[in-house]
Q: 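One structure, pasted below without further comment.
Note that these values count all heavy atoms, side chains included, but never hydrogens, waters or copies made by symmetry. Note that the structure is predicted; figures quoted are calculated from it, not measured. Residues: numbered from 1 along the sequence shown.
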Amino acid sequence: MMQFTPPLPSLHKITTPFFSNPTMNQNQVPSPRTTPFPTPKALSSSFGDTNCMEQLLVHCANAIETNDVTLAQQILWVLNNIALPDGDSNQRLASSFLHALAARAAKNGSCKMLEAMMGEESRSHLAIDTHKFSVIELANFVDLTPWHRFGFTAANAAIIEASEGFSVIHIVDLSLTHCMQIPMLIDAIASRHEVPPLIKLTVAGDNCRDIPPVLDLSYDELGAKLVNFASSRNVIMEFRVVHSSYTDGFASLIEHLKLQHLVYASEARATEALVINCHMMLHYIPDETLIHYMNSNSYVYDYGYDSSTLSLRSLFLKAVRSLDPTIVVLVDEDADLTSNNLVCRLRSAFNYLWIPYDTVDTFLPRGSKQRQWYEAGICWKIENVIAHEGLQRVERVEPKSKWEQRMKNANFHGVTFSEDSISEVKAMLDEHAAGWGLKKEDEHILLTWKGHNVVFASVWLPS
């Protein structure tokens with residue numbers, strides 16, 4: 001059923017008090033000496049409401065898309081004065097969307113005079129400077145919030161339970177956070193076993209190297225550090241990098257795993273657990289159908305799927321199912337940023353990405369470097385969602401319900417998290433600010449902020 005969207009209020013009605021003198025008649029020419037010019041404080045008090053800022057952003061997006069330079073200039077002028085990059089969480093949210101719209105206008109060649117209209121300080125924000133983290137910095141950064149720790153804790157508990165009794169645990173780690181989950185898993189395994197199982201860790205080496213958070217060292221160097229850490233916990237770990245990218249549905253990784261599965265299936269079936277751990281990574285796989293990718297993905301032909309109906313995401317999941325994994329863990333953000341309509345995408349992103357801006361005030365002081373790094377990552381996401389199209393628009397988050405359907409179509413069934421697993425997640429949340437919560441939906445669990453869905457965690461077994 002189509003969702004009804006109420007009509008937008010007239011921008012003329014919103015901006016008339018600021019762009020004209022209400023005491024003039026229609027034929028009177030305004031005098032620069034007598035026309036009231038609003039101060040940022042006056043604008044903020046009138047337009048500081050979140051809903052109003054969202055409406056202005058929507059009007060601005062429509063103006064840019066129709067190349068209505070005059071209207072876009074007017075709206076951007078208002079937004080530039082009320083959406084302060086150092087203001088409260090709502091202002092900082094709107095500021096990021098403002099600059100994403102300006103970047104879109106500059107990218108598609110329309111509204112060129114907008115850049116001149118914006119101040120030098122505002123223009124400088126268009127170039128998002130994302131920090132390159134060291135391993136220690138990234139580990140500390142991830143610990144600041146449950147955004148990633150929620151998935152780490154839930155996934156690790158499920159992995160340990162599913163791999164009980166196996167002498168080898170082969171983890172295929174597709175994670176946005178560059179294996180930051182793995183040290184926690186190694187610790188948990190070491191504490192449960194007198195003789196810990198061998199851990200094989202396989203990662204995709206070309207995996208989101210330019211998507212925040214960005215790591216400042218290669219995966220080979222990262223692997224050496226993880227192997228040394230495991231050794232310090234008396235755990236033997238093998239680390240392997242397979243050069244593979246989300247852009248083609250991790251085709252090289254799938255081919256590598258298929259080969260291993262064929263070669264070692266008979267001897268490893270009873271002793272090796274195959275764990276596919278997907279942490280906020282699968283939404284970077286393009287969601288279009290396969291027609292544009294047939295020539296570059298050999299396993300399309302191997303399985304004979306209909307390229308006119310399946311997307312790369314669905315194909316990836318079907319390929320994973322053919323490996324007969326012990327367990328698949330899927331953790332991702334619960335939002336929908338896939339619409340081809342800019343305004344729909346903007347509304348959806350605005351009504352989801354207020355959450356990280358709202359939460360950051362609870363754990364990072366204003367002006368801190370970590371806060372700058374954190375918000376630069378959100379700005380990058382917003383710009384990618386708003387300013388880019390085609391294959392350059394990689395932030396294509398899908399809601400939990402869509403992933404559930406994809407997993408079921410790929411012949412997986414969901415399983416419930418154990419009470420022990422849920423207790424571990426709750427204990428982790430107790431370490432963070434009030435406002436974070438956990439709720440169950442069917443077999444899966446969700447991280448919430450002030451009652452709003454943020455991240456879901458799900459566990460799947462082959463049907």
Q: Which is it for D361 and R371 under the salt bridge (Lys or Arg N to Asp or Glu O under 4.0 Å) test, yes or no, and what are the steps along the way?
A: CA-CA 9 Å; D361 293 333; R371 180 156 167 169; 2.9 Å; yes
Q: Do you know which two heavy atoms are closest between S322 and A319, and how far apart they sit?
A: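 Distance-wise, the nearest heavy atoms are OG-O, 2.5 Å.
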Q: Just checking, is any N or O donor in the side chain of S311 or D287 under 3.5 Å from an acceptor N or O on the other one?
A: no
Q: Write down the atom of A387, the atom of A100, and the distance for their closest heavy-atom approach.
A: CB-O, 3.6 Å
Q: I'd like to know if the side chain of W373 pairs up with that of E137 as donor and acceptor (distance under 3.5 Å, no hydrogens or angles considered).
A: no
Q: Side chain to side chain contact (heavy atoms under 4.5 Å, CB included) with N140: which residues, sequence neighbours excluded?
A: I136
Q: So if I apply the ring pair (Phe, Tyr, Trp, His ring centres under 6.0 Å) rule between W436 and each of F363, W449, F150, which one comes out positive?
A: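 Single pass found, and it is W449.
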Q: In Å, rounded to the nearest 0.5 Å, how long is the span from CG of L215 to CZ of F133?
A: 9.5 Å
Q: Are H283 and W403 an aromatic pair, judged by ring center distance below 6.0 Å?
A: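 Between W403 and H283, the centre distance exceeds or equals 6.0 Å.
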Q: Below 30° counts as parallel, above 60° as perpendicular, anything between as tilted: where do the rings of F152 and H279 land?
A: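 F152 and H279: tilted rings.
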Q: Heavy atoms only: give me the nearest V242-H256 pair and the separation to one decimal.
A: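 Answer, listing the atom of V242 first, then H256: CG2-CD2, 3.6 Å.
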Q: R104 and E383: salt bridge (Lys or Arg N to Asp or Glu O under 4.0 Å), yes or no, with the steps?
A: CA-CA 8 Å; R104 183 181 182 90; E383 180 173 312; over 6 Å; no
Q: Who pairs with K225 by salt bridge (Lys or Arg N to Asp or Glu O under 4.0 Å), at least two apart in sequence or on another chain?
A: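 By the salt bridge (Lys or Arg N to Asp or Glu O under 4.0 Å) rule, K225 matches no residue at all.
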Q: Let me confirm one number: the CG-CD distance from D334 to E441, rounded to the nearest 0.5 Å.
A: 7.0 Å
Q: Is there a side-chain contact between V455 and M280, using heavy atoms and a 4.5 Å cut-off?
A: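 Contact flag for V455/M280 side chains = yes.
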Q: Is there a side-chain contact between L93 and S89 in this structure, where contact means two heavy atoms from C-beta onward sitting under 4.5 Å apart?
A: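 No, too far: nothing below the 4.5 Å cut-off.
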Q: Report yes or no: does S458 contribute a side-chain atom to a donor-acceptor pair with the main-chain N or O of L330 at less than 3.5 Å?
A: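 Yes, the answer is positive, given that a donor and an acceptor are paired below the 3.5 Å cut-off.
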Q: Judged by atom type as modelled, is there a donor-acceptor pair below 3.5 Å linking the side chain of N409 to the main-chain atoms of Q405?
A: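 Pair found, side chain donor or acceptor close to backbone of Q405.
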Q: Would you say NZ of K439 has more than 12 non-hydrogen atoms from neighbouring residues, nucleotides or ligands within 6.0 angstrom?
A: yes
Q: Given 3.5 Å as the limit, does a donor-acceptor pair link the side chain of R321 with the main chain of S463, or not?
A: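 The answer is yes, because a donor-acceptor pair under 3.5 Å joins these two groups.
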Q: Between the main-chain N or O of C344 and the side-chain N or O of S348, is there a donor-acceptor pair closer than 3.5 Å?
A: no
Q: Which is it for Y357 and Y374 under the ring pair (Phe, Tyr, Trp, His ring centres under 6.0 Å) test, yes or no, and what are the steps along the way?
A: CA-CA 9 Å; Y357 279 101; Y374 183 87; 8.0 Å; no
Q: Between H178 and Y219, how do the two ring planes meet: parallel, tilted or perpendicular, split at 30° and 60°?
A: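 Judged by the thresholds at 30° and 60°, the geometry between H178 and Y219 is perpendicular.
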Q: Got a second to check how far C379's SG is from R92's CZ, nearest 0.5 Å?
A: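 CZ of R92 is found 10.0 Å from SG of C379.
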Q: Measuring only between side-chain heavy atoms, which start at C-beta, is M428 closer than 4.5 Å to H432?
A: yes
Q: Between H444 and W460, what is the ring plane arrangement, given parallel below 30°, perpendicular above 60°, and tilted in between?
A: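 Ring orientation, 0 to 90° scale: tilted.
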Q: With salt bridge (Lys or Arg N to Asp or Glu O under 4.0 Å) as the test, would you mind laying out the steps for E404 and K400 before giving the verdict?
A: CA-CA 6 Å; E404 286 177 340; K400 178 176 73 72; 2.9 Å; yes
Q: Could you go through the side-chain hydrogen bond (donor to acceptor under 3.5 Å, both in side chains) check for D216 and S134 one step at a time?
A: CA-CA 6 Å; D216 72 347; S134 69; 5.2 Å; no
Q: Is it the case that the side chains of E54 and N351 hold a donor-acceptor pair, with the cut-off being a distance below 3.5 Å and no angle test?
A: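 On atom types as modelled, these side chains qualify, holding a pair under 3.5 Å.
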Q: Looking only at atom types and distance, does a side-chain atom of S163 sit under 3.5 Å from a main-chain N or O of I159, one as donor and one as acceptor?
A: yes
Q: Where the side chain of T448 meets the backbone of G437, is there a donor-acceptor pair that is under 3.5 Å apart?
A: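 Such a contact is found between T448 side chain and G437 backbone.
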Q: Any donor-acceptor pair under 3.5 Å linking the side chain of D68 with the backbone of I64?
A: no
Q: Please check if atom CZ in R240 has more than 12 non-hydrogen atoms from other residues, nucleotides or ligands closer than 6.0 Å.
A: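 Counting other residues, nucleotides and ligands, CZ of R240 stays at 12 neighbours or fewer.
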Q: Is the side chain of T66 donor-acceptor paired with the backbone N or O of N62 at a distance under 3.5 Å, no angle test?
A: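 Yes.
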Q: Going by side chain to side chain contact (heavy atoms under 4.5 Å, CB included), T202 matches just one of I171, L253, D173. Which one?
A: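 The single option meeting the side chain to side chain contact (heavy atoms under 4.5 Å, CB included) with T202 is L253.
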Q: Any donor-acceptor pair under 3.5 Å linking the side-chain atoms of S339 with those of R347?
A: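 Result is no, nothing qualifies.
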Q: With side-chain hydrogen bond (donor to acceptor under 3.5 Å, both in side chains) as the criterion, how do S252 and E255 come out once you've worked through the C-alpha distance, each side chain's angles and the decisive distance to 0.1 Å?
A: CA-CA 5 Å; S252 298; E255 290 299 321; over 6 Å; no
Q: State whether the side chain of R313 and the backbone N or O of I285 hold a donor-acceptor pair below 3.5 Å, judged by distance alone.
A: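 A pair under 3.5 Å: yes.
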Q: Give, for atom OH of Y246 and atom CG of L176, the distance between the pair rounded to the nearest 0.5 Å.
A: 10.5 Å
Q: Just by modelled atom types, is the P399 backbone N or O under 3.5 Å from a matching donor or acceptor in the D336 side chain?
A: no
Q: Measuring from atom OG1 of T130 to atom CD1 of I211, what distance do you get when rounded to the nearest 0.5 angstrom?
A: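 Between atom OG1 of T130 and atom CD1 of I211 there are 11.0 Å.
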